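When a ligand or atom number is given, it counts from 1 through the structure's own listing order. No experiment lies behind these values; they were computed from the predicted model shown.
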Amino acid sequence: MFLGHFGLGLAAKKAAPAVSLGALFAAGQFADLLWPTLVLLGVEQVRVQPGITAVAPLDFVSYPYSHSLLMLCVWGVAFGGIYVALRGARAKAGVVLALLVVSHWVLDYVSHRPDMPITPTGAARVGLGLWNSVPGTLVVEFALLGFGVAVYLRTTRARTRAGAIGFWSLVVFLVIVYLASTFGPPPPSATAVAWSAQAMWLLVAWGYWVDRSRS
Ligand SMILES: [Zn+2]
């Protein structure tokens, strides 16, 4: 899942208007921000295997720390708690951020084949396998993004032209990156997958920047 995580981050603005879109993106994508670094360190493993699902050519061999349900609950509580402590934010903002961190597992559970761990050490792997259907995946991804964009636009207003242009260029960029990775050639190696996934940090920064020029 890619666009769906950003869709929920955008929609969460309604529940936590004081929290920047950058922080909401970082929470919803926390698992995928942590994952490439763990892959590059050799702590977690992924293999490129074209055809393993219709959508993503990736075999997630092991990702207990970034993608198990239990660890995402732990990361969620830590993320929300640290945000509230550092920013002096309301508890509700912390709860929204924690739920976003955990929502990553739920959306990935829907998309992935049964490779999602429940606990970091247990053998159980689950996944509903939406990625076995290209049309089904596109409908869910774009529906979640569209929902998020609609809620965010109703919740915030651009104060400057940059606020409008920055927002729409972010949406277009997300869609282009998504379509290119879905319909483009498979990545050459697991290391290439991990390095390109590090670009996710750019989207967090973009979220902060867009949010600053909207109210
Ligand atoms: Zn993920």
Side-chain donor-acceptor pairs under 3.5 Å in residues 15-27, sequence neighbours left out?
{"from": "S20", "atom 1": "OG", "to": "G22", "atom 2": "N", "distance (Å)": "3.1"}

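- Sorted by chain and number, the protein atoms of type N, O or S within less than 2.8 Å of the Zn ion (ligand 1) are D32 OD1, H67 NE2, H104 NE2, D108 OD2.
- A distance-only check finds no donor-acceptor pair linking the side chain of Q29 to the backbone of F6 [under 3.5 Å].
- Side-chain contact annotation: T37 with Q198, donor-acceptor N/O pair under 3.5 Å present.
- Partner of H104 under the side chain to side chain contact (heavy atoms under 4.5 Å, CB included) criterion, chosen from L33, L8, D32: D32.
- Rounded to the nearest 0.5 angstrom, D59 CG and T53 OG1 are separated by 10.0 Å.
- Side-chain contact of D211 with Y152: a donor-acceptor pair under 3.5 Å is present, judged by distance alone.
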